[in-house]
Each structure stands twice: as C-alpha cells, then as structure tokens.
Visitor: 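Below are the structure tokens for one structure; questions will follow.
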There are 2 protein chains.
Amino acid sequence: MASRVIRTGNSLLRPLSTSAASRLHPALAAQSYRHFTATTSAMSSYYSWEPEGPTVKTEIPGPKAKAAIEELHEVFDTRSLNMLTDYQNSSGNYIADPDGNVLLDVYAQIASIPIGYNNPALIKAARGDDMINGLINRPALGNFPPKDWAEVLKTGILKVAPKGLNQVFTAMAGSDANETAYKAAFMWRRQHERGGPHVEFTQQEMDSAMKNELPPGAKEYSIMSFKTAFHGRLFGSLSTTRSKPIHKLDIPSFDWPQATFPLLKYPLEEHVEENHAAEKAALEEVEHLILNYRVPPCAVVVEPIQSEGGDNHASPEFFRGLREITRKHNVLFIVDEVQTGVGATGKFWAHEHWNLQDPPDMVTFSKKAQTAGYYFGNPELRPNKPYRQFNTWMGDPARALLFRAIVQEIERLDLVANTARVGDYLYGKLEGLAKKYPGQFDNLRGKGMGTFIAFDNPNRDEFLVRAKKFGVNIGGSGVSAVRLRPMLIFEERHADILLEALEKVVKSFQ
Amino acid sequence: MASRVIRTGNSLLRPLSTSAASRLHPALAAQSYRHFTATTSAMSSYYSWEPEGPTVKTEIPGPKAKAAIEELHEVFDTRSLNMLTDYQNSSGNYIADPDGNVLLDVYAQIASIPIGYNNPALIKAARGDDMINGLINRPALGNFPPKDWAEVLKTGILKVAPKGLNQVFTAMAGSDANETAYKAAFMWRRQHERGGPHVEFTQQEMDSAMKNELPPGAKEYSIMSFKTAFHGRLFGSLSTTRSKPIHKLDIPSFDWPQATFPLLKYPLEEHVEENHAAEKAALEEVEHLILNYRVPPCAVVVEPIQSEGGDNHASPEFFRGLREITRKHNVLFIVDEVQTGVGATGKFWAHEHWNLQDPPDMVTFSKKAQTAGYYFGNPELRPNKPYRQFNTWMGDPARALLFRAIVQEIERLDLVANTARVGDYLYGKLEGLAKKYPGQFDNLRGKGMGTFIAFDNPNRDEFLVRAKKFGVNIGGSGVSAVRLRPMLIFEERHADILLEALEKVVKSFQ
C-alpha cells in the first residue's frame, strides 16, 4: 500500500508498518472455533492504544457472553443480539466481548460509531462541565433552551450543515428526524393550498383535525419513497420504509406511494445503457406517481445510497433528475442521510457527490452524528405558528455536544479525506478479490464513495458468522449484501486486515 | 406548616425556618417589571446550595436573554421559547436566566426534571466512568448490548417496574415509547387472529405489508384513546393525541376511535352522583366503540391524569372499569405514565392509586425518567420473531444510567413520600386560597395526588406571565388550567413561596 503522511494536529506522523498479517493457531484449528490473533504492529496512526489486530479466543458468544445473554433475555429481548459487547475494552476500530475476543469492527453499531471506541477526544468532551451540565439538566429545548444553544448549534450541528441549509430542527433518532421532516412537508404543502402563512385555520379545519379527518374538500397528501428504502420504524417513517416485510408486518400504514429505485447492474462500465435506461424509467415513474397517485405526494424522500435495503446506488444524474422533477411539481425533496451522512462516503454528506444546482429542501441526519434532526434552508418550512412542530425534549444537548466534539476531531484529523482515500484503496483491493474469486464478491459497489462499499455473497448470512472467526465484525443489508461500514478512522492497515479475513472466509467455503 | 425531620443519608437534618417571605423592592415597583428577591433562609433540606428564594432583576426576557434569543432565532425556531435558561446557575428547585433572574420552577422542563437542577448525586453519576463509557460508545442495544446491560436495567429501570411487569423495551422519548407499545399491541392482536406465535406469515401477508396494505380478508385494527388525551406527536402517537388542534392540523392520521374522557365537576364531594354518571357513560362508550367502531381497537391507551389536555382526573373506579372492559374484550390496556410517572403523584406510578386486581398490559414512561420505553409482563407481547420490534439505538445507555442514579436518590431521600406529604400541604393551602379568591382557583384538582395539582384561572395565559414577575415559573395545560409540576425535592418551604406568588398574581388582577 501507498506510504503517506497524516496530519494530526501540528505534528506529521508517519504510519507504522501497515502489512497487517494474522494467522490461525494451528493447535486450535481443529476446534469448532478458531483461535486467532494478530502478530503485526498494525497500530492506528490516529489512536496508538488500538490493539495491533484482532484476537479470537473463543466461539462467539463464548461462555461468559452466553451466561450474560441468558440473564439479559429474562428482561430484554435478545433474539436480535449479534454480539454482547465489552465497551470498556473496545478501542478505536476494535470491538471487544466479555470472553476476551477483540474484532476489527466494520459494522460500527450499524454505522453509528464515527471516530472509534473510547476515543480520547470524546472522553475529554464527556468529562467537560458543559457535557455534565447537558446531561443532568436536560432541557425542554423548544421552551427553555440553554443560553448558549445558538453557539452549540453553530459550532457543531450547523458548522457541518449541507450547503444551502442553514436551519435545524433537532430530534432524537433517525425515525423522528424523518417524521418531523415529513410533518414540515405536510404543513408547508397545505399552507400553500390554503393561500399562505397568514391565512388562519378555519373552525372546520380544527374540528376535522381533532377527529383524525380532513375537512371536506381538502386534499390528502402523502410522502413518496422508493422500493427497498429504509427510513425508520415508527408509524409515519415505517410507511415510507419498504426494505423488508419483517419491519412492516401487522403495523398499520398510510396509503403512500412507492417508486421503483433503479437497480443498477454491475460492473457499471459494462451496463451503461441498461443502467441509464433503468434510471430514466425510475424518474418517469416518480413523475407519473406525483401526477397520478390517488394520494398525491407533497415530498419525495430518498437515501443517497439505500443502505438497509441492500446498498443500492444510483448515479448523480438520477438524483439531479429527482431534484428537477420535484422542483417542477412543487414537491419537496428530502434527502435521508441518516446512514450515509458524516463522512463515510468520502464527502461529509453523500449528496455532495451529486453537484446539485440547488440544495435539497431538507436533509435528515442521525447515527454517526450521535444526535438527530433535519436541516432546512427555506424559512417557509418553519410552520406558520409555534407549537406545530414541537415536543418536550426536541433532541438532547449532551448528544449535540458530543457531535460538536466529533466534528472537531473529524476536521482536526481530516478524516473525510482519509475515508475517501482508504475507500479507494479498499475498493481497488476488493476488485482484485472479485476477479480472483468469481461469484463471491458479486456486484461490488461503492466506487469513489469512500468506505461505503458492499458486495453480494451467495452465503451471506454464514459469511458474516464466519467473518467473526477470522476476527472481523461485519453487517449485512438487503437479502444478500455484505455491507462495509468502517469508522472514519479506518486506515489502509485496517483495510488489509479486513481483506485478509474476507479472503479467508471465501476460501473456507471452497 | 408541620415541623418534621427528613432523612438524608445517615444524618437527620431539621429543616430551617420555612416561612418563606419575599418582597418587592419599593424603589423598583414603579418600573414595568418588578424587582423581586427573597429575604428568608428558606433553604432546601435536601440541597443546601439552593438559593434562599427567587430573585427577579429584570423583565423576562431581559436584555441579555433578548440578544441571545435573536441570535438563536436565525437558526432555530424560538417562537415557542418560554425562557432562555442559564442551566449552570440553576440549582435544586430554582431555574436561572442569563440576566440573573432566578425563579422557583414548578414547571420543571415540562415535568421532566425529577430531583433538581445540578443535583450533586447526578453530577457524581455523570462523572463516573460508566456514564462516560455509555455516552461515547453508544451501542445499537438490540444487536450489541453492553455486557452489563442486564444489571443496568435491573438496578435502574426495572427496579421501579410497575407491579406485574418485569420486562422492558427501551426507547428514546415519550412518543416512540408509546408507538413501540402500539406496535407490540398490533403484532400481539394479529398473532392471536393468525392462530398463535408459531404460525408463519403467508407470502400474501408479506406482499401486502410491502405495499402498505392489509392482505385481503384480514381485519384492520386501531388504538383507542380519549378525547383531550396527549400521547405524543409522531404519526402514530399523534393519531391518539386529541388535546389541541395545533398539534394535529395538516398531519395525516389514522382512523382510530376516541372515547369521551369523563370530565369531572369540582369540588368532587359536591358532584358525586353526576361524576359517577359521567364515568359510567364514558365506560359504556368505551365498550360500545370496542364492539362497534369501524376499525376495532386492539388496545386502549390512557393517561392516569390527562396532563397536556388540561389536568383531567378520573376516579380509581373508572380505571378499574377500563381494566375490566379491556380484559373482557381481549383488548390491551396501555397506561401512558410519561408525565404522571416517577413519583409526582405521591406514588412512584400514578396507576398505583387504582388498586388494580391485575396490572396494565403495558406502561410507558419518559420525562422524569430521563430515558423512555415501555414495561410489559406478558411474554406474548414479545413479537414472535426478532427484528419486528427493533431500531438502531433502542434507547440510550447514558440516559438509562442517569435514571438509575435518579432512582437511587429518590429511594435514599424517600422523595415519593415527600411528594405525597408536600402535595397534601400544598393542596390544603390552595383550598384556602380558592375560598378567599372565588373564581381564581377554579376546579382545584389533584387531592391526594402528590404535587400533581392544577386549577383553572380565567386569565390563565397572563397568569403564567405574571407569575414570573413574582418569582415563579409555572406552566399551563389545556385551555385554562394552571398546572403545577414541581420536582420531587419540592418542600413545604417551596410551597409557601409558590402560594405567596400565586396570591400576588391573583391580587394583581383585582
């Protein structure tokens, strides 16, 4: 791999040796689990306390984890448990468990850990008086904001606001970030219909609202999303989620339209015309649904890369087309950056890859931001009266302060550029593996999109289980995708460890 | 007031003089605001660093607050702002602002601060390694729970679980606590209909779900709530919220039924028969809607005291009736304790006042718990498969640790008993004021319900504004209610300050 220098504060550090190797202990190879440990000095350039590599000592879960899971299951549903975690002993890119297993983590709490476990900059922020104050004196932010709330927002959440969007509504998690954005869209659309912000509500409108009805003659609106999209699991966001039946079964939902997401064929350069045609057809369907769906949409919501739904990408042209169509028909364009945001694609926001002429109307965020909300720029998206978009907490100042510390660290270490560079390195190596092992790294996608990379594998679920035995924690998405979601401090040396493990997994199937 | 001893840790402290007095500075009386400061040593028995009383130095907002609000408004909607807050200088029962005003706070961040601003026990918890770990290594709790998650739950959230409910689903705030409880109810009901947990979903069911439809022939279900109820503001919870049009206008909602909440007449002892008839009629309506509403309910959700909707109480008999009717018709009974929970009514959970023969099916919590979720006891309320009730974060371990510290402090200082006793004291004094000022403390309610007390005032909004000038921060509910929501460390001395301020407000209208 390329030698390089990394700027860390005022000093330039040369990375240590990066040829991360690891080996199986032959003595343990016959056991049902594999004892695995790294032998190189593959330490992070950013965080020198990171282990040198993964260590696999027991089956996962091992005996200590099993006992704890049994205890936990009595009071808390553990059937979706992936790995009981020892956070105290996790560090940087490495996640630990109670049995002493330490895995390279490229799943990162479902793409939610931005700059490593037990990051010293975050420890420092957590110890600060500001954080303690935010934690123990939790405000109702809409009624009683802290005196320095403007400063906290401007030096944190808003410092990284997408271009053209200078206001924020803070929330708690991805689902309510999207739902409050949807609410803003409905209020905005019906305000237009009503004749503007100064037109008062009629008694009939108020009476109807209290009965969960529309006033006679008023138009019902919807939010349009895409097939295989994921936007959350509460009742409104779930109505726009279309990834898997298990998310939606038995839960009432709204009659809202779904358009087909262009399912591209890979490698892209071999399917240029087909893919172009798929995107064109998808855009035509969007326009058709806007004009003809029985409950017309007042907004279209889209992920820059459909993540939970299987890591489905589309071209910048497609998204520019979406922006054009929504603009043309006076429909809002909401970009859900809950999973793609905060650097993982090699830009701070994934939609920066699109070179939009004018910005999205709203951009939602959560996960790596450790807090949540939606950005907007148009003052008309503030409802015409107070208390229409409101709730008790409206976010969490402790989490907003943490995001500020994360942003500072991302800037100090230039971690978005790091992710772009390491992503290119990783993608190139994966192309090599895909050629070497046909059918095992299918539909490799995410070129030029930082470390936001995925591929399909015919034995995906077992692939993920075996990856742990070779020292790596990986997640899946959709039906057959292996999705890579490293943190922003993931370096070439970590990529090498990952690549070696992936190859071992594939070989283990042969 | 009664002299008493209060146990604080190992020492018994005798309260200081409690005849809290305050006076206007005559020199400032002619100004448009009133300069107000306390002169007594009315210090809290619990927290000796509390100020001796309120201090009002400027109009609220004063010049410093005004400048900060203007700056904040550029990026964050401040139209619902009540008071810009200086949390660093707030302490115990007292809230401060940037202009040096310090008010006795009986609103407490919309009933969300349990044991005082800058509580030393919480500062200690916030400084602990556990908390820092929970804050900076935020887990996806469903997939990667911390190794000690069972212990954190058992020594905190579950230590105070309502009788009969031994499991918890953790969430982020009141809205999603309720919505996940509703989801559990829908899944439970349709599982019954389907024939049990072991019956697999059909392909038709899965296909229909992905289209936001029900499979042909399947029954659609609803959640029943009550008129003037408040259960949150996301799409599902808002469909059960019926308090004010401003919450609901323009937001799509589900066709779910609302029953009439018995609007009792006060004083209760003068309207026994009328009130009994109102409750009987309400219960009949509930049963009628269960049997006849076009979208039959699978659950009824109710607040023990309708809070946001105007502090509407009903008798224990009414709630026992609800439990009976829901049991009879195989409909779940969800008690929303988001505002009433955690001690304010003189019981840890308000529904303990009802002496139910069998527990509610689910109890939701948030606000004073500083975290959120729902309790349940019946294993059938765990959906039949994993990932049906799931999301990335499923709560926040830092907030769960804070609740554990809150619970410990409540137990150490016996604060629920304190609240019951102080509430009785306050209620008695308010009865006196109601007699002295007819029409000003109308429909006084909350007898025997701790400090969860309210009354109606004909000039409610102006009442709340003037209360600040006399040193007290109070909130309203419904159309005309003044709602008292002191913290659990509210003592007789604080009640005296409050009562004096209330009387001054009323006199100022004369």
Side-chain angles (χ1 to χ4, degrees), chain A residues 68 71-72 75 77 79-80 82-87 98 109-110 117 122 126 132-133 135-137 139-140 142-144 146-147 149-150 153 158 167 172-173 179 183 186-187 190 201 206 209-210 212 233-236 239 245-246 248-254 382 386-388 390-393, chain B residues 68 71-72 75 77 79-80 82-87 98 109-110 117 122 126 132-133 135-137 139-140 142-144 146-147 149-150 153 158 167 172-173 179 183 186-187 190 201 206 209-210 212 233-236 239 245-246 248-254 382 386-388 390-393:
Chain A
E71 188 195 349
L72 180 56
V75 295
D77 191 347
R79 290 170 302 168
S80 57
N82 181 317
M83 180 176 159
L84 197 76
T85 303
D86 179 347
Y87 289 98
Q109 307 302 321
I110 319 182
Y117 296 110
L122 299 188
I132 289 167
N133 177 63
L135 196 60
I136 67 170
N137 302 312
N143 275 170
F144 300 92
K147 63 181 179 186
W149 188 230
L153 293 174
L158 285 166
Q167 296 178 64
M172 299 291 293
E179 295 211 358
K183 286 178 71 172
F186 286 114
M187 292 188 274
R190 286 181 47 82
F201 306 119
M206 292 191 280
M210 293 305 284
N212 288 11
R233 288 166 161 271
L234 301 173
F235 286 83
S239 290
I246 199 77
K248 292 171 73 73
L249 276 155
D250 300 345
I251 311 302
S253 58
F254 292 108
R382 278 190 188 181
Y387 286 105
R388 299 191 71 191
F390 183 86
N391 58 68
T392 296
W393 283 329
Chain B
E71 189 196 349
L72 180 56
V75 296
D77 191 347
R79 289 170 303 168
S80 58
N82 182 316
M83 181 177 161
L84 197 76
T85 304
D86 179 346
Y87 288 97
Q109 307 301 320
I110 319 181
Y117 296 110
L122 299 189
I132 289 168
N133 177 62
L135 196 59
I136 67 170
N137 302 314
N143 276 170
F144 300 92
K147 61 181 180 187
W149 188 230
L153 292 175
L158 285 167
Q167 295 179 64
M172 299 291 294
E179 296 210 358
K183 286 178 70 171
F186 285 113
M187 292 188 274
R190 287 181 45 82
F201 306 121
M206 292 192 279
M210 293 305 285
N212 288 12
R233 288 167 161 269
L234 300 173
F235 286 83
S239 290
I246 199 76
K248 293 172 72 74
L249 276 155
D250 300 345
I251 311 302
S253 58
F254 292 107
R382 278 192 189 181
Y387 286 106
R388 299 192 71 189
F390 183 86
N391 59 68
T392 296
W393 283 329

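Residue numbering restarts at 1 for every chain, and letters A, B, ... go by the order of the sequence lines. Atom set for the values below is all heavy atoms of this structure, side chains included, hydrogens, waters and symmetry mates excluded.
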Visitor: Please rank B:I132, B:L249, B:N391, B:I251 by heavy-atom pairs under 4.5 Å with chain A and give me the top one.
Guide: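 Heavy-atom pairs under 4.5 Å are most numerous for B:L249.
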
Visitor: May I ask you to name which of B:T392, B:L153, B:L122 has the most heavy-atom pairs under 4.5 Å with chain A?
Guide: B:T392

Visitor: As an exercise, state the distance from CG of B:D250 to CE of A:M187, rounded to the nearest 0.5 Å.
Guide: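 Separation between the atoms: 7.5 Å.
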
Visitor: Can you tell me how far the CG atom of B:L135 sits from the CG atom of A:L135, to the nearest 0.5 Å?
Guide: 6.0 Å

Visitor: Against chain A, work out which of B:Q167, B:M210, B:M206 has the most heavy-atom pairs shorter than 4.5 Å and name it.
Guide: B:M210

Visitor: Where on A:W149 is there a heavy atom nearer than 4.5 Å to chain B: the side chain, the backbone, both, or neither?
Guide: both

Visitor: Mind listing the closest non-hydrogen atom pair of B:S80 and A:Y387 along with its distance?
Guide: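 What the structure gives for the nearest pair is O-OH, 3.5 Å.
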
Visitor: If we define contacts as heavy-atom pairs under 4.5 Å, which of A:A68, A:A126, A:P146 has the most with chain B?
Guide: A:P146

Visitor: Does a side-chain heavy-atom distance below 4.5 Å link B:K183 with A:F235?
Guide: yes

Visitor: Shortest non-hydrogen contact from B:I246 to A:P386?
Guide: CG1-O, 3.9 Å

Visitor: Please give me the minimum heavy-atom distance between B:Y87 and A:P139, naming the atom from each residue.
Guide: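 Of all heavy-atom pairs spanning B:Y87 and A:P139, the closest is OH-CB, 3.0 Å.
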
Visitor: Of the listed residues (A:L84, A:N82, A:N212, A:T85), which shares the most heavy-atom pairs with chain B below a 4.5 Å separation?
Guide: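 Top count of heavy-atom pairs under 4.5 Å with chain B: A:N212.
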
Visitor: Which atoms of B:L234 are under 4.5 Å from chain A, going by heavy atoms: the side chain, the backbone, both sets, or neither?
Guide: both

Visitor: Please examine the side chains of B:Q109 and A:N137, heavy atoms only from C-beta on, and report whether any two atoms are closer than 4.5 Å.
Guide: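 A side-chain contact is absent here, since even the closest heavy-atom pair is not under 4.5 Å.
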
Visitor: As an exercise: rank A:I110, A:L72, A:N143 by heavy-atom pairs under 4.5 Å with chain B and give me the winner.
Guide: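 Heavy-atom pair counts peak at A:N143.
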
Visitor: If you tally heavy-atom pairs under 4.5 Å against chain A, which of B:A140, B:G236, B:P98 wins?
Guide: B:A140

Visitor: Measuring heavy-atom distances to chain A, does B:F201 have an atom under 4.5 Å in its side chain, in its backbone, in both, or in neither?
Guide: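 When you check distances to chain A, only side chain atoms of B:F201 fall under 4.5 Å.
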
Visitor: What class does the angle between the rings of A:F254 and B:F254 fall in, given that below 30° is parallel, 30 to 60° is tilted and above 60° is perpendicular?
Guide: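 Answer is parallel, since the angle falls under 30°.
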
Visitor: What closest approach, in Å, do A:V75 and B:R382 show between heavy atoms, and which atom pair accounts for it?
Guide: C-NH2, 3.7 Å

Visitor: Tell me which of these, B:F186, B:Y117, B:F144, has more heavy-atom pairs under 4.5 Å with chain A than the rest.
Guide: B:F144

